Number of protein chains: 2
Amino acid sequence: MAKQNTVFKDAFNRCLKLLAETSSLPSEPELGTALGVSRTTVRAILTRMEELQLLAWDKRAKVVLRQPKPEDYYPAEETDSLSDIIERSFMRRILAGGAEPGMQINELELARDIGTGTTSVREFLIRFSRFGLIEKRPNSHWILKGFTREFALELTEVREMFELRSAASFAALAPDHPAWADLDRIETLHHEILADIDNRYKEFSELDERFHLLVHTSSSNRFIVDFYDIITIVFHYHYQWNKTNARERNARALEEHLDYIAALRSRDPARIETACRRHLKSARETLLQSIQ
Amino acid sequence: MAKQNTVFKDAFNRCLKLLAETSSLPSEPELGTALGVSRTTVRAILTRMEELQLLAWDKRAKVVLRQPKPEDYYPAEETDSLSDIIERSFMRRILAGGAEPGMQINELELARDIGTGTTSVREFLIRFSRFGLIEKRPNSHWILKGFTREFALELTEVREMFELRSAASFAALAPDHPAWADLDRIETLHHEILADIDNRYKEFSELDERFHLLVHTSSSNRFIVDFYDIITIVFHYHYQWNKTNARERNARALEEHLDYIAALRSRDPARIETACRRHLKSARETLLQSIQ
DNA sequence: AAACTGTCTATTGTGGATAAAAGACAAAAT
DNA sequence: ATTTTGTCTTTTATCCACAATAGACAGTTT
């Protein structure tokens, strides 16, 4: 099959939720904007809803006939884009399955393993190569450089340089800059999670990403912001497969964040640098610990 | 045609030069190593040389029969890899041909223009996207972000951070580290070019790349070294299409380099920082001037 | 007049096919 | 005992085809 209709299926599922909340759906362009898809896909969704007797559709009239049932939804496995599937599958192989540095990566084998064409695997590897974990031998295989101690040290070195600079420029943002409001919301969430840490410590990972991305974004430098993608992917997969002491680690990091946030709000460069350094140091230690 | 045999043609041309210098060629594996290709390609080369009556080949005996003539070589256009062709073609479009920021980039149109398949163009764009000049809309076109003043400022900001740090770590290299010998050779070349600047100023661009790459490499950080690719490609194409005052600019940069090299050799952190900053500042100004 | 729908075209994402190139292995030569 | 060669298999680089998706335009509705 040439292309999976995952965009359609995913948008259809999201549209079912919209449908559950009203008695009639809006115009096609409006739905397209709401779902982030083209009118072509919107019309495919409406057609399908008509088939399922969910909707009476005649030109502008889109009357909801009944509430969606669980079986109306497409299963979650079918809504993942191919590149997500490849990414997960690849990360599992190299992070979870003890892959040795120096190992060869074979496009064809990977594609057969995942059950997909070589083109998609190849494109994934090219995109992924910017993370510095693999390297291409032209006309030949890829080499896995490995999630090693050196990798973590190099990554955190750059991260610290970038974040210190971003934090400094955060303090220089105008008082009415929207980032301050974002910071407020993030701080509130920190307090909420800390108050119920035993049950909610798992929410830290996502909040951590949101906070640091906000700081990096204030650098207004695309290279700094883009670099944060590497941090994100490393920490994302890393947290998934290393859950020792997660509760304590996350509680400590949340406290450090609060200190860091207070420093940002003080706009005092020295205080910001101290708080930022302290947090980055412990983040680095956490990462290094889990590697060996 | 599935794949162009540019590897073969390029290696064949290089092998002709080896052949011109001896009366018999070495073993197949040895030739493979010398040319950086596999034995399969070496054997294709030997076969072709036999056809052209350049070589009498029987197992280990590879006796040179005559000197290569100009018409024995494959034309230079046929030895460029497809990705190089796409890169050049694309860079000409976006740097030379006044491409507006925000412009859409169309894979199919680009492919037709260059006379190649869409897959190769697509892979090029994915690889190229890490340079921050283009951005993908999923399921849709690419957007050209443009070689703008902001781009140059963001690029140089990171460059300066990275180079200052690399220069500092350069001073910390052991006295017998090979980088010091490389630095000597580079310094000598600077003096040679300066002594005959009117004729040789065009050699600066390549020397500049070599010098800064050497400095960046001493950081031992793959992210810092990889980032230098962006600098390289920007300056490479930039110099090609902006030749105003090249002689004066290059002479000045060479002097700055010599000062910078002397500072590195002094191992005095403060002096290194001063020299490095001064040179980076003027490099930034040169780049910015040429943008507007 | 502005927004919406019907219809049609163009482009992207992905699998499959194929020549070029890499590389494995055993037999042969030094 | 290495190294080299002959032969064969596997993988990569590239083109092409086609379904999914985006997007353009004219006619229709409010």
Side-chain angles (χ1 to χ4, degrees), chain A residues 1-11 26-32 35-47 57-62 81-83 85-86 104-112 114-126 136-142, chain B residues 1-11 26-32 35-46 57-62 81-83 85-86 104-112 115-126 136-142:
Chain A
M1 65 231 100
K3 200 178 183 177
Q4 298 281 22
N5 55 351
T6 54
V7 172
F8 160 73
K9 287 177 177 170
D10 180 58
S27 75
E28 296 171 15
E30 204 170 321
L31 270 175
L35 298 168
V37 296
S38 74
R39 259 189 70 219
T40 307
T41 304
V42 168
R43 289 172 68 86
I45 291 171
L46 294 175
T47 304
W57 178 29
D58 182 46
K59 300 183 180 176
R60 302 182 182 218
K62 306 182 190 74
S81 83
L82 184 51
S83 49
I85 295 171
I86 295 176
Q104 296 184 8
I105 299 166
N106 186 310
E107 293 174 5
L108 199 56
E109 187 193 323
L110 210 54
R112 275 191 298 247
I114 304 177
T116 180
T118 47
T119 313
S120 318
V121 169
R122 203 178 151 77
E123 288 181 3
F124 166 77
L125 291 171
I126 294 172
K136 176 113 187 93
R137 294 293 141 94
N139 288 309
S140 183
H141 50 258
W142 293 80
Chain B
M1 65 231 99
K3 199 177 182 177
Q4 298 282 22
N5 56 350
T6 55
V7 171
F8 159 73
K9 286 177 177 171
D10 181 57
S27 76
E28 296 172 15
E30 203 169 322
L31 269 175
L35 298 168
V37 296
S38 75
R39 258 189 70 221
T40 306
T41 304
V42 167
R43 288 173 68 87
I45 291 170
L46 295 174
W57 178 31
D58 182 47
K59 299 184 178 172
R60 305 185 178 216
K62 306 183 190 72
S81 84
L82 184 52
S83 49
I85 294 171
I86 295 177
Q104 295 184 8
I105 299 167
N106 186 310
E107 293 174 4
L108 198 57
E109 188 193 322
L110 211 54
R112 274 191 299 246
T116 178
T118 47
T119 313
S120 317
V121 168
R122 204 178 153 77
E123 288 181 2
F124 166 76
L125 291 171
I126 295 172
K136 176 114 187 92
R137 294 294 139 95
N139 288 308
S140 184
H141 50 258
W142 293 79

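From a predicted model like this one, the values you see are computed outputs, not experimental measurements. Here is the naming used below: chain letters follow the sequence lines, and residue numbers restart at 1 for every chain. Hydrogens, waters and symmetry mates are skipped; everything else that's a heavy atom, side chains included, is used.
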B/Leu31 CG to D/dT3 C1': how many Å, rounded? 14 Å
Over how many whole Å does the gap from B/Asp58 atom CG to D/dG6 atom P extend? 8 Å
Within this structure, what is the CG-to-P distance between B/Asn106 and D/dA24, rounded to whole angstrom? 11 Å
Would you sort out whether B/Val37 and B/Leu31 count as a side chain to side chain contact (heavy atoms under 4.5 Å, CB included), showing the intermediate values? CA-CA 8 Å; B/Val37 296; B/Leu31 269 175; over 6 Å; no
Quick one: does A/Asp58's side chain have a donor or acceptor within less than 3.5 Å of a partner on A/Ala61's backbone? no
Using whole Å, report how far CH2 of A/Trp142 lies from P of D/dT12. 11 Å
Side-chain N or O of A/Arg122 less than 4.0 angstrom from OP1 or OP2 on D/dA13? yes
Partners of B/Lys62 by salt bridge (charged side-chain N to carboxylate O under 4.0 Å, His left out), sequence neighbours excluded? none
Do B/Trp57 and B/Arg43 come within less than 4.5 Å of each other through their side chains, counting heavy atoms only? yes
Is there a side-chain contact between A/Ile45 and A/Leu35, using heavy atoms and a 4.5 Å cut-off? yes
Reading nucleotides 16-26 of chain C from the 5' end, what letters show protein touch, with B for base, S for backbone sugar-phosphate only, - for no heavy atom under 4.0 Å? B-BBBSBBB--
When rounded to whole Å, the CD to P distance for the pair B/Glu109 and C/dA10 reads 13 Å
Could you check B/Ile126 against B/Trp142 for side chain to side chain contact (heavy atoms under 4.5 Å, CB included), going step by step and ending with a plain yes or no? CA-CA 10 Å; B/Ile126 295 172; B/Trp142 293 79; 4.2 Å; yes
Any side-chain heavy atom of A/Thr116 sitting closer than 4.5 Å to one from A/Val121? yes
Of the listed nucleotides (D/dT4, C/dT12, D/dT12), which one gets closest to any side-chain atom of B/Leu108? C/dT12
Pick the nucleotide of DNA chain C nearest each of B/Arg112 and B/Lys59; which residue has the one closer to the 5' end? B/Arg112
Report for the helix from C/dA1-D/dT30 to C/dT30-D/dA1: angle between first-end and last-end helix axes, five pairs each, rounded to 10 degrees. 40°
For B/Lys136 and C/dG13, give me the distance from atom NZ to atom C1', rounded to whole Å. 9 Å
Check whether any side-chain N or O of B/Asn106 sits under 3.5 Å from a backbone N or O of B/Glu109 as a donor-acceptor pair, and report yes or no. yes
5'-most contact on DNA chain D (nearest-nucleotide basis), B/Leu82 vs B/Glu30, goes to B/Glu30
Length of the NZ-P vector between A/Lys62 and D/dT30, whole Å: 12 Å
Round to the nearest Å and state the distance from A/Ile126 atom CD1 to D/dA13 atom P. 8 Å
State, yes or no, whether a side-chain contact exists between B/Leu110 and B/Ile86 at a heavy-atom distance under 4.5 Å. no
5' precedence on DNA chain D between B/Ser83 and B/Trp57 (nearest-nucleotide basis): B/Trp57
Please confirm whether the shortest side-chain N or O distance from A/Arg60 to OP1 or OP2 of C/dT5 is below 4.0 Å. no
